[in-house]
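First up is the structure itself, then whatever we jot down about it.
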Amino acid sequence: MPELPEVETVRTGLESLILHTAIRAVDIRRDSCVRLLPGGASEFAAETLGLQVTEAARRGKFLWLTLADLADPGRPVTSLSAHLGMSGQFRVHDGAWTDAPEPHRHCRARLSLERADGAQLTLDFLDQRTFGYLHAEPFVATVDGRVAGQGTVHPLLPVSVAHIGRDALDPELDPQATARAWRRGSRGVKQVLLDQTAVSGIGNIYADEALWLARLHPERPAHAVTAPQARALLDAVRAVMGDALAQGGTSFDALYVNVNGESGYFDRSLHAYGRAGEPCDRCGRPLHRAVIGGRSTHWCATCQRRWVRKPRIDAV
DNA sequence: AGTAGCACCTGATTGC
DNA sequence: TGCAATCAGGTGCTAC
């Protein structure tokens, strides 16, 4: 279940392993993994073959490799975009794909990469549940083109990424504007967190964790969240994500980019998600679970109030 | 415009 | 024992 911290771990792994390699061959083993391209596998190959990877970037759960001509690495040509869906993984093997292990059962695409010194690498895209995809697409100029990860300025975003909001860990994310956006509308605050258009990267698990930390009921209507609560919620999101990132950063080694965060993910201490019936770490009362907005949701009914009890006048 | 609901897909698990 | 129903997850589309 890759969310922001898991995807960032993957990005880091890809960056360390395949930067400055050229794409020499493409084997789309299941056409649906490039379903966003009208021309399917052949179009994907035509758009990517012969280009080199000059950057591994990310916004929210959207990941992309910037591709450029070998002779002109400074000018982005195409984005090799990827979304992991809920089960996507990348794996990197040393050596040409003729030497690489037989592709995994869930391998949807295999790319042959070549380093400047001639060494060969094999990049596999695995995806059991096939919600993920690979894509090849142009970049568009954006107004707020800063992308989290390296803190580098990106005036360009891939077309399919341009519609989502800034990354939750993006230092340039404006807390005031975020609070304003999060407090708008009638939806429950959990659904607001899962909406990637205001802030990107928050998934089902970390939404529950952040709401528990901020003591907000997942169904509290957005307009009933106060401005200080909304700002505290962003702090909670960042704390939870930051912790997860710190623990997930070691989940790949020289041979594997172990993407979906399976290692270190579930042994991370969760306070709410998946703990229905277990005692709340704060108050000891059993945690609740319900399906809200089609998603499994966990919260403490004692610590997380659905409604504000009464208006409070803060002492000066 | 804003929001709700569902399709997409596979495999593990649970229920009968 | 075998088969069917259920569940999990993120996104994007359609319909209200």
Side-chain angles (χ1 to χ4, degrees), chain A residues 1-11 28-38 40 58-64 79 81-90 103-109 125-135 137 157-165 167-168 180-211 218-225 237 240-241 244 248 259-262 265-266 268 270 272-277 289-298:
Chain A
M1 296 126 246
E3 296 188 25
L4 183 158
E6 289 74 28
V7 181
E8 173 60 13
T9 300
V10 174
R11 190 201 66 77
I28 300 300
R29 307 176 55 82
R30 186 175 169 127
D31 285 340
S32 69
C33 88
V34 289
R35 59 189 173 274
L36 267 48
L37 287 168
R58 178 188 65 79
R59 173 179 274 216
K61 302 164 209 165
F62 291 76
L63 186 68
W64 68 93
S79 169
S81 308
H83 199 291
L84 303 176
M86 68 164 280
S87 58
Q89 294 185 33
F90 282 105
H104 188 280
R105 193 156 106 82
H106 299 139
C107 181
R108 308 309 185 200
F125 176 65
L126 279 53
D127 189 16
Q128 181 208 105
R129 294 187 193 174
T130 74
F131 281 7
Y133 58 79
L134 300 181
H135 190 37
E137 59 179 342
L157 287 176
V159 170
S160 69
V161 181
H163 70 290
I164 70 167
D167 191 272
R180 229 176 295 130
W182 277 358
R183 297 178 61 214
R184 205 156 43 213
S186 59
R187 287 181 298 174
V189 62
K190 168 153 183 186
Q191 272 141 290
V192 170
L193 287 184
L194 293 179
D195 184 342
Q196 305 294 301
T197 58
V199 174
S200 61
I202 306 166
N204 196 45
I205 296 170
Y206 293 113
D208 281 5
E209 291 301 304
L211 289 168
E219 288 181 297
R220 180 175 306 192
H223 57 68
V225 175
V237 164
V240 169
M241 297 280 194
V259 199
N260 72 358
E262 50 193 279
Y265 187 76
F266 280 109
R268 185 171 309 139
L270 296 174
Y273 184 85
R275 297 197 55 210
R289 177 195 176 274
V291 174
I292 297 174
R295 311 225 92 77
S296 184
T297 301
H298 313 73

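The sequence lines fix the lettering, A, B, ..., with proteins before strands; numbering per chain opens at 1. It should be emphasised that the depicted structure is a prediction, and the values quoted were computed from it without experimental measurement.
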Test item: A:Glu209 side-chain N/O and A:Ala272 main-chain N/O as donor-acceptor pair under 3.5 Å: yes
Under 3.5 Å donor-acceptor, A:Arg108 side chain and A:Gln128 backbone: yes
Whole-Å distance separating the CD atom of A:Gln191 from the C1' atom of C:dT11: 15 Å
Nearest-angstrom distance from the residue atom CZ of A:Arg184 to P of B:dT3: 9 Å
Heavy-atom donor-acceptor pair, A:Arg295 side-chain to C:dG10 base, under 3.5 Å: yes
Residue A:Arg289, side-chain heavy atoms: nucleotide from C:dG12, C:dC7, B:dA4 that is nearest: C:dC7
Check: A:Ser296 main-chain N/O paired with A:Asn204 side-chain donor or acceptor under 3.5 Å: yes
Sugar-phosphate only, base, or nothing, as touched by A:Arg30 at under 4.0 Å among non-hydrogen atoms: sugar-phosphate
Closest-nucleotide 5' rank along DNA chain C - winner of A:Ser296 and A:Phe62: A:Ser296
Among C:dG12, C:dA8, C:dT11, the one nearest A:Lys61 by side-chain distance: C:dT11
Heavy-atom side-chain contact between A:Tyr206 and A:Leu194 under 4.5 Å: no
NZ/NE/NH1/NH2 to OD/OE distance under 4.0 Å, A:Asp195 and A:Arg187: yes
Nearest-Å distance for atom pair NE2/P, residues A:His298 and C:dC7: 13 Å
Atom-to-atom span, CD of A:Glu6 to C1' of C:dG10 - whole angstrom: 13 Å
Aromatic-base stack, A:Phe131 on C:dT11, cutoff 5.5 Å, angle under 30: no
Rounded interatomic separation in angstrom, taking CG from A:Leu63 and P from C:dG10: 16 Å
Proximity to the side chain of A:Gln128 - top-ranked nucleotide from B:dT3, B:dT10, C:dG10: B:dT10
A:Ser186 side chain near B:dT3 phosphate (N/O to OP1/OP2, under 4.0 Å): yes
Candidates C:dA8, B:dG11, B:dT3 - which lies nearest the side chain of A:His106: B:dG11
Below 4.0 Å: OP1/OP2 of C:dG10 and any side-chain N or O of A:Gln196: no
Rounded interatomic separation in angstrom, taking NE2 from A:His135 and P from C:dT11: 15 Å
Separation of C:dG10 P from A:Arg129 CZ (nearest whole Å): 11 Å
Below 4.0 Å: OP1/OP2 of C:dT11 and any side-chain N or O of A:His83: yes
Nearest-Å distance for atom pair CD1/P, residues A:Ile292 and C:dA8: 13 Å
Below 4.0 Å: OP1/OP2 of B:dT10 and any side-chain N or O of A:Thr130: no
Reported CD1-to-OG1 distance for the pair A:Ile164 and A:Thr197, which is rounded to 0.5 angstrom: 9.5 Å
Of the listed nucleotides C:dG10, C:dG12, B:dT10, the one nearest the side chain of A:Tyr133: C:dG12
